[in-house]
Amino acid sequence: MQSVQRVFKVASRQAPIVQRTVQQRFNTTVASTVVKPKRSRWKTVKTVAAVGATGFVGLTFYGMYYHRHPTENPIPADPNKKTVVILGSGWASTSLLKSIDTNLYNVVIVSPRNYFLFTPLLPSCTVGTIDIRSLVEPIRFITRHKPNEVKVYEAECTDVDPEKKVITIVDNSEIKGESATSTIPYDYLVIGIGAQSQTFGIKGVEEYGCFLKEVWDAQKIRTKLMDCIETAAFPGQTPEEIERLLHMVVVGGGPTGIEYAAELHDFLVEDLTHWYPELAGKVKITLVEAMPNVLPAFSKQLIDYTESTFKEQHISILTKTAVKEVRAKEIIVQKGQDGEKEAIPYGLLVWATGNTTRPLIKKLMARYPDKQTIRRGLAVDDWLRMEGSQDIYVMGDASATKYAPTAQVAAQQGKYLARVFAQLHDVEQYEAEVEKAKTEEEKAKKMRRLQKAQNIKPFHYSHQGSLCYIGSDKAIADLPFGPGNLASGGVATFAFWRSAYISNLFSARNKWLVITDWTKKAFWGRDISRE
Ligand code: FAD
Ligand code: NAD
């Protein structure tokens with residue numbers, strides 16, 4: 001009671017309005033049964049927690065059940081329906097595949113990898129924070145839940161013949177059968193083959209650098225990283241050689257380079273210091289960026305925050321410095337336009353300087369020299385139809401639009417195209433009904449429906465914000481807020497970053513696996529064995 005009175009006194013000195021409220025509350029507390037409101041609040045909390053827990057358990061079990069029970073007898077392909085061939089199994093294609101109505105079309109999917117990869121968490125796999133298998137979703141886990149049969153071919157599309165409306169596919173995997181090349185006819189072709197890592201033709205990048213785009217890139221980086229460390233521990237190594245082997249260089253200060261450097265830093269601080277105490281202090285991380293600052297797409301205060309956080313983490317950033325050549329053990333860099341060239345020795349080199357078009361896209365561009373004049377991707381109209389064609393659509397990083405090449409854009413484009421195809425189906429149906437109409441009145445009614453279906457809305461992108469992990473459990477976020485932008489950075493943003501990515505993971509299975517990996521890392525640390 002005394003303590004309550006003391007609180008009341010302090011409150012009354014500080015704020016007269018609060019005083020009345022506290023007094024009323026105090027009086028009530030004394031007069032009636034004191035704990036009653038508290039008890040009912042506790043009851044509410046318990047009920048909410050119980051409902052939440054039941055919901056979570058229920059959803060998890062439903063997720064498991066759904067996952068283990070694909071469609072038993074999917075309806076086979078119907079020759080009377082049109083065929084949509086989708087190229088790729090990345091963000092754009094998987095999003096389209098999930099949303100497309102297979103009752104309306106026969107769907108075929110062609111991709112050299114038989115899975116979807118959740119790229120935003122790929123940098124975490126380079127140091128073992130997350131297991132690579134937790135980020136992939138086999139494409140058949142999606143297609144086999146469709147009511148109609150979807151054909152999946154693990155192959156690379158090497159050519160498109162827009163006149164004959166056929167594509168050529170090749171089995172590029174290690175094991176090949178007697179048939180390794182084939183052709184597939186299409187009514188609509190959707191290209192979602194993404195892009196490949198950019199080298200700008202710089203000598204030595206392909207040979208000595210590691211990209212960070214695919215599953216095998218992350219695996220290669222992890223292997224090489226541990227190899228550098230173990231080699232540095234080999235007896236008789238000179239101090240200069242140890243310094244070189246333990247110098248990890250990242251080229252490109254875009255989000256890929258930043259996130260990789262951040263993950264590497266965490267691995268060094270949280271794990272390597274324990275298991276390689278004699279070497280960990282000698283590991284150096286350097287990020288090389290040609291522009292005056294890193295993360296040009298983020299707001300100024302977040303760029304400054306990232307650069308100062310990197311400084312605290314002892315990650316050196318060399319801005320206005322372009323890599324001109326890559327050699328087996330050193331890179332040649334140039335500061336500014338006319339600066340002196342300098343050699344920087346390295347042990348591991350991660351190359352993250354953005355995207356360039358894949359060979360198939362270049363081939364298609366060459367077929368339409370007048371219409372396809374943008375080098376960074378296939379030009380499309382506002383409905384994502386490839387310029388120069390009526391039945392080829394392009395989405396994601398393979399397309400050249402006004403949007404940045406991101407997963408967000410690709411996923412929204414895939415979903416949008418599923419709606420376009422549903423509407424195109426309606427158009428055809430109403431056209432046939434208009435033809436068959438017996439009276440003028442009926443014809444006018446069908447015409448109105450047809451016109452409505454023909455009014456297909458152009459693609460509209462809704463930006464949900466940009467996130468980037470910067471190390472030491474800190475992230476940055478540029479979020480759309482009203483007419484402006486909300487920039488935030490720090491540990492709370494890191495919690496938001498994690499929850500945003502968990503909620504964006506494609507399946508309940510992936511969510512479960514990633515949460516397990518994070519928990520495993522928190523308790524046991526990361527695995528340091530070389531794969
Ligand atoms: P992809 O996802 O690259 O998929 C392309 C698909 O096409 C693949 O399945 C590939 O195997 C297949 N393919 C390739 N060639 C052929 C062929 N000839 N025939 C048939 N199939 C083919 N974006 C964000 O918005 N947020 C992020 O946090 C984010 N983090 C990222 C982190 C990393 C490390 C990287 C590399 C990228 C990140 N991105 C992020 C960008 C995002 O991953 C891409 O913009 C997105 O993957 C583009 O989707 P897509 O479907 O166009 O291509
Ligand atoms: P990027 O194009 O965003 O950045 C590449 C950087 O490399 C540029 O800043 C460029 O100036 C620099 N560069 C180019 N050549 C160089 C050279 N010779 N020497 C030194 N620096 C050089 O590439 P990215 O980071 O791979 O991202 C690709 C796309 O994926 C972007 O659209 C990005 O937004 C998206 N992405 C997003 C996230 C995220 O949101 N967290 C993460 C990764 C990628």
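Counting starts at 1 for both ligands and their atoms, following the listed order. Excluded from the calculations below are hydrogen atoms, water molecules and symmetry mates; all remaining heavy atoms, backbone and side chain alike, are included.
At under 3.5 Å, not a single nitrogen or oxygen of Pro112, backbone or side chain, sits near a nitrogen or oxygen of ligand 1. Backbone and side-chain nitrogen or oxygen atoms of Met291 are examined, and none is located within less than 3.5 angstrom of a nitrogen or oxygen of ligand 2. Some N or O of Asp397 is nearer than 3.5 Å to an N or O of ligand 1, by distance alone. In terms of polar-atom proximity, Leu122 is not counted as a contact of ligand 1, lacking any N or O under 3.5 Å from an N or O of the ligand. Polar contact with ligand 2: present for Glu289 (N/O pair, distance under 3.5 Å). For a threshold of 3.5 Å applied to N or O pairs, the pair formed by Cys468 and ligand 2 contains no separation below that value. Checked by distance only, ligand 1 and Arg113 come closer than 3.5 Å through their nitrogen or oxygen atoms. Between Pro405 and ligand 1, a contact under 3.5 Å exists for at least one N or O pair.
Atom 23 (N) of ligand 1 has its closest protein heavy atom at Ala407 N, 3.0 Å. Atom 15 (N) of ligand 1 has its closest protein heavy atom at Arg358 CD, 3.5 Å. Counting protein heavy atoms only, atom 53 (O) of ligand 1 is closest to Gly194 CA, 3.3 Å. Here the protein heavy atom with the shortest distance to atom 7 (O) of ligand 2 is Gly252 CA, 3.3 Å. Taking atom 10 (C) of ligand 1 as the reference point, the nearest protein heavy-atom neighbour is Ser111 OG, 4.1 Å. In terms of protein heavy-atom proximity, atom 1 (P) of ligand 1 is closest to Gly90 CA, 3.9 Å. For atom 46 (C) of ligand 1, the closest heavy atom belonging to the protein is Trp91 CD1, 3.6 Å. Looking only at protein heavy atoms, the nearest one to atom 18 (N) of ligand 1 is Cys157 O, 3.0 Å. Protein heavy atom in closest approach to atom 30 (N) of ligand 1: Pro120 CA, 3.4 Å.
Ligand-side atoms of ligand 2 in range of Gly254: 3 (O), 4 (O), 6 (C), 25 (O), range being under 4.0 angstrom from any heavy atom. Each of the atoms 20 (C), 21 (N) of ligand 1 lies under 4.0 Å from some heavy atom of Val110. Atoms of ligand 2 found under 4.0 Å from any heavy atom of Ala352, numbered from 1 in the order shown, are 5 (C), 7 (O). Close contacts of ligand 1 with Gln408, meaning ligand atoms under 4.0 Å from a residue heavy atom, involve 25 (O). Listed by number with element, the atoms of ligand 2 under 4.0 Å from a non-hydrogen atom of Gly354 are 2 (O), 5 (C), 23 (O), 26 (O). Close approach to Leu467 involves these atoms of ligand 2, each under 4.0 Å from a residue heavy atom: 39 (C), 40 (O), 41 (N). Below 4.0 Å from some heavy atom of Leu212 lie the following atoms of ligand 1, by number and element: 34 (C), 36 (C).
Relative to atom 24 (P) of ligand 2, the option among Val409, Thr256, Asn355 with the closest non-hydrogen atom is Thr256. In this structure, of Ala322, Ser466, Pro405, the residue bringing a heavy atom nearest to atom 30 (O) of ligand 2 is Pro405. Compare Asn114, Leu117, Thr119 by their heavy atoms: the one nearest to atom 32 (C) of ligand 1 is in Thr119. Compare Pro255, Gly253, Gly257, Ala195 by their heavy atoms: the one nearest to atom 33 (C) of ligand 2 is in Pro255.
No donor-acceptor pair closer than 3.5 Å links the side chain of Trp497 to the backbone N or O of Leu467.
Note: Tyr469 and Phe494 have tilted aromatic rings, judged against thresholds of 30 and 60 degrees for the angle between ring planes. Below 30°, between 30° and 60°, or above 60°: for Phe118 and Trp91 the angle between ring planes is between 30° and 60°, a tilted geometry.
Between Lys520 and Asp517, at least one side-chain nitrogen of the basic residue sits less than 4.0 Å from a carboxylate oxygen of the acidic one, meeting the salt-bridge criterion. Arg140 has no carboxylate O lying under 4.0 Å from a charged side-chain N of Glu154, or vice versa, which leaves the two without a salt bridge.
In summary, the side chains of Gln464 and Ser462 do present a donor paired with an acceptor at a separation below 3.5 Å, with no hydrogens or angles considered.
Residues Thr71 and Lys146 form no side-chain contact, since every pair of their non-hydrogen atoms from C-beta on lies 4.5 Å or further apart. Under the 4.5 Å side-chain criterion, counting only non-hydrogen atoms from C-beta, Ile109 is not in contact with Lys151.
Tyr501 counts as a contact of ligand 1, since one of its heavy atoms falls under 4.0 Å from the ligand.
Residues Trp351 and Phe200 keep their aromatic ring centres 6.0 Å or farther apart.
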